[in-house]
Amino acid sequence: MKPSQKNATVFMSLLLASIASAATLPAEDNRIHNGVASCAGSTCHGSVRQFEGSNILHNEFITWTREDRHAKAYQTLLSKESKRIAQKLGIGAPHTEALCLDCHADNVPAKLRGQKFQISDGVGCESCHGGSEKWLNSHVKQTDHRQNIKNGLYPTEEPHARSDLCLSCHYGNNNKFVTHRIMGAGHPRLSFELDNFTELMPPHHQVDADYKKRKTHVDSAQVWVAGQLAFVERILQQLEHRGLEKEGLFPELSLFDCHSCHHPMSKIRWSARDSTGLGPGVIRLYDANFIMLQALPFSDQERQTVREMTRNLHQSTTQGLAAFRQAIDAYQQALPALKQSLSNKTFSDAQLKTILANLIQAGVDGEFRDYAAAEQAVMAIASLLSTLDTRSTFAPKIQQAVGKRLDELYACVDDDEKYNPACFTDGLKRLKTTVAD
């Protein structure tokens, strides 16, 4: 790439990132949502096959309808299990309740629903791309992408904006959140990691030269880093919002690690973790993403700060609300600078290998004894290996062996009720040896 081209690419990336940082989530954009039918024309996104020679696939609606689980999100609310959950919660039919619809559909106010809008479409086009009131026409005319964003198109290609969007449902925010009470009624535990979940979605766009010219594009490792930073930021917000403003005797228990309580009493597997400083019998905060953060390529001083803040956060839960609030505030004040040091940064092979080595060593040292941390770790390792693979970093023989080790780690976290920390630790030791070869 010529210097001028490289500078233009960097400028575009930074420009889109600045726009994305101010983007309003689609559910809150106060624009008309016209419904998926407005995107489903055969010459738009509803073709049954790809258009040759076009800069888009044109079959995006068909892919979403047939293959994307988001299209079935509303239908889930009609299931017997959803009705049982609603009954236990003492609410009405789940497909009519905002508590459920806010994440299982594009539940914008009635005044913002266009003529073709149907709540039964589930998590449709505008749930992610924003109300099309102002950008639909310019989008059809293939106006410059930056203009579409100014008109309200949500910049899903920008990883920080995508993090905010996905986490608003796959973790929650101040307006919607799967509480311990909802999980106690039967709702599944939420599990999410931005890069892996993005890759698992059926693709309805093609990342070609034209895409990269019009939009920002980053690799798996950059998406993973952006996702981890956003996740930690969101957790801190909820610790403050729900942990400190909770009425009643108990805090919001979904903010704590599920498996520090939910395991057979005959299988006590507590062991000391230096990163928490907590003794046995103490309910630990959910900290999987905080552990991931400690593996990122910060400076030595930044990494030490992250470790100290995480440990202080854990210990503050045993020291009272004032200490807890102070620990949260300290983390929130430090996080913007930490994010800035890594934002839109392309990582070298050496840096990716350092992050990988940090993750593996953390596991060998016992940091992934909790299931949620192991689950996040294996997805992190997959993202890092994917990026290294696209760069042909490993020799074919090593690459095959690494793939086998990754499959072994996935097998260890396949079932949270059968998770064995020793299995995962042993798998990490084998991966460490393989990568070293």
Task: Between His129 and His139, ring centroids under 6.0 Å - done: no
TODO: Kindly give the heavy-atom pair with the smallest separation between Asp29 and Gly131, and that separation in Å.
DONE: OD2-N, 2.7 Å
Open item on the list: Between Lys72 and Thr65 (side chain of the first, backbone of the second, donor and acceptor by atom type, cut-off under 3.5 Å), is there such a pair?
Closed with: yes
Open item on the list: For the CG atom of Asn107 and the CD1 atom of Ile119, what is their distance to the nearest 0.5 Å?
Closed with: 4.5 Å
Task: Tyr286 and Ser254: side chain donor to acceptor below 3.5 Å - done: no
TODO: Would you check if there is a donor-acceptor pair between the side chains of Asn312 and Glu308 at a distance under 3.5 Å?
DONE: no
Task: Reported CG-to-CZ distance for the pair Leu296 and Arg303, which is rounded to 0.5 angstrom - done: 8.0 Å
- [ ] Decide whether Asn173 and Ser168 meet the rule of one side-chain donor and one side-chain acceptor closer than 3.5 Å.
- [x] no
Task: Any residue meeting side-chain hydrogen bond (donor to acceptor under 3.5 Å, both in side chains) with Ser383, in chain and number order, not counting sequence neighbours - done: Asp195, Asn196
Task: Phe231 side, atom CZ; Gln376 side, atom CD - distance, nearest 0.5 Å - done: 6.0 Å
- [ ] Ignoring hydrogens and angles, tell me if any N or O in the side chain of Ser79 forms a donor-acceptor pair with the backbone of Gln75 under 3.5 Å.
- [x] no
Open item on the list: Determine whether a donor-acceptor pair (N or O, by modelled atom type, separation under 3.5 Å) exists between the side chain of His180 and the backbone of Glu252.
Closed with: no
TODO: Scan residues 191-232 for pairs that pass disulfide bond (SG atoms under 2.5 Å apart), counting only residues two or more places apart or in two chains.
DONE: none
Task: Donor + acceptor pair across side chains of Gln237, Glu233 (<3.5 Å) - done: no
- [ ] Evaluate whether atom NZ of Lys134 has more than 12 neighbouring non-hydrogen atoms of other residues, nucleotides or ligands under 6.0 angstrom away.
- [x] no
TODO: Using the disulfide bond (SG atoms under 2.5 Å apart) rule, collect all pairs that involve residues 179-213, keeping only residues at least two apart or in two chains.
DONE: none
TODO: Not counting sequence neighbours, list each pair that qualifies as a disulfide bond (SG atoms under 2.5 Å apart) and has a residue in residues 398-437.
DONE: Cys412-Cys423
Open item on the list: Taking the basic N atoms (NZ, or NE/NH1/NH2) and the acidic carboxylate oxygens, is any pair closer than 4.0 Å for Asp407 and Lys404?
Closed with: no
Task: Pairs meeting criterion salt bridge (charged side-chain N to carboxylate O under 4.0 Å, His left out) with involvement of residues 183-192, two or more places apart - done: Arg189-Glu375
Task: More than 12 heavy atoms of other groups within 6.0 Å of Arg325 CZ - done: no
Open item on the list: Using modelled atom types and a 3.5 Å cut-off, is there a donor and acceptor pairing between side-chain atoms of Gln304 and backbone atoms of Gln301?
Closed with: no
Task: Student check: side-chain heavy atoms of Tyr331 and Ile235 closer than 4.5 Å - done: no
Task: Pairs meeting criterion disulfide bond (SG atoms under 2.5 Å apart) with involvement of residues 155-241, two or more places apart - done: none
- [ ] For Asp415, look at atom CG and say whether over 12 heavy atoms of other residues, nucleotides or ligands are found less than 6.0 Å away.
- [x] yes
TODO: Quick one: do Thr179 and Arg181 satisfy side chain to side chain donor-acceptor pair (under 3.5 Å)? Show the steps, please.
DONE: CA-CA 5 Å; Thr179 63; Arg181 178 170 173 264; 5.8 Å; no
Task: Beyond-backbone contact of Ile328 with Leu244, side-chain heavy atoms, under 4.5 angstrom - done: yes
Task: Side chain proximity check, Phe290 to Val232, heavy atoms < 4.5 angstrom - done: yes
- [ ] Quick one: list whatever passes ring pair (Phe, Tyr, Trp, His ring centres under 6.0 Å) with Trp64, sequence neighbours left out.
- [x] Phe61
Open item on the list: For the CG atom of Leu285 and the OG atom of Ser260, what is their distance to the nearest 0.5 Å?
Closed with: 9.0 Å
Task: For Gln399, all residues meeting side-chain hydrogen bond (donor to acceptor under 3.5 Å, both in side chains), sequence neighbours excluded - done: Asp389
Open item on the list: Looking only at side-chain N and O atoms, does Asn151 offer a donor or acceptor that is under 3.5 Å from a partner on Gln147?
Closed with: yes
- [ ] Could you grab the distance from atom NE2 of His259 to atom SG of Cys261, nearest 0.5 Å is fine?
- [x] 11.0 Å
Open item on the list: Under the rule for side-chain hydrogen bond (donor to acceptor under 3.5 Å, both in side chains), what residues qualify as partners of Glu199, not counting sequence neighbours?
Closed with: none
Open item on the list: If I take atom CH2 from residue Trp224 and atom CE from residue Met379, how far apart are they, to the nearest 0.5 angstrom?
Closed with: 11.0 Å
Open item on the list: List the residues meeting side-chain hydrogen bond (donor to acceptor under 3.5 Å, both in side chains) with Glu408, not counting sequence neighbours, and say none if there are none.
Closed with: Arg405, Arg430
Task: Heavy-atom closest contact (Leu428 atom, Leu409 atom, distance) - done: N-CD2, 3.7 Å
Task: pair Asp121-Asp106: side-chain heavy atoms closer than 4.5 Å - done: no
TODO: Measure across Arg273 and Asp287 and return the closest heavy-atom pair with its distance rounded to 0.1 Å.
DONE: NH2-OD2, 2.6 Å
- [ ] Using atom types as modelled and distance alone, determine if a side-chain donor or acceptor of Ser138 lies under 3.5 Å from a backbone N or O of Asn148.
- [x] no
Task: Residue pair Gln238 / Asn174, side-chain donor-acceptor N/O under 3.5 Å - done: yes
Task: Side-chain donor/acceptor of Tyr371 to backbone N/O of Cys258, under 3.5 Å - done: no
TODO: Identify, with sequence neighbours excluded, every residue that meets side chain to side chain contact (heavy atoms under 4.5 Å, CB included) alongside Ala37.
DONE: Lys116
Task: Any donor-acceptor pair under 3.5 Å from Ser316 side chain to Leu313 backbone - done: yes
Open item on the list: How close do Cys44 and Ile56 get, counting heavy atoms only, and between which atoms?
Closed with: O-CD1, 4.2 Å
Task: Contacts of Phe51 that satisfy ring pair (Phe, Tyr, Trp, His ring centres under 6.0 Å) - sequence neighbours left out - done: His58
Task: Trace of the side chain to side chain donor-acceptor pair (under 3.5 Å) decision for Ser275 with Gln294 - done: CA-CA 10 Å; Ser275 60; Gln294 295 176 49; 5.3 Å; no
TODO: Ignoring hydrogens and angles, tell me if any N or O in the side chain of Glu302 forms a donor-acceptor pair with the backbone of Ser299 under 3.5 Å.
DONE: yes
TODO: Grab the two heavy atoms, one from Leu165 and one from Ser127, that are nearest each other, plus how far apart they are.
DONE: CD1-O, 3.7 Å
TODO: Compute the ring centroids of Phe192 and Tyr171, then answer whether they are less than 6.0 Å apart.
DONE: no
Task: Short side-chain to backbone donor-acceptor contact, Ser386 and Ala382, under 3.5 Å - done: no
TODO: State, with a plain yes or no, whether a side-chain heavy atom of Gln332 is found less than 4.5 Å away from one of Glu240.
DONE: yes
- [ ] Return the minimal non-hydrogen interatomic distance between Leu229 and Phe298, and the atom names on each side.
- [x] CD2-CZ, 4.5 Å
Open item on the list: With heavy-atom distances below 4.5 Å as the criterion, would you say the side chains of Leu101 and Tyr74 are in contact?
Closed with: yes
Open item on the list: Quick one, Arg391 and Asp219 - any side-chain contact, counting heavy atoms below 4.5 Å?
Closed with: yes
Task: Backbone N/O of His314 and side chain of Arg284: donor-acceptor pair under 3.5 Å - done: no
TODO: Flag the pair Ile149 / Glu157 as yes when at least one side-chain heavy-atom distance between them is below 4.5 Å, and no otherwise.
DONE: yes
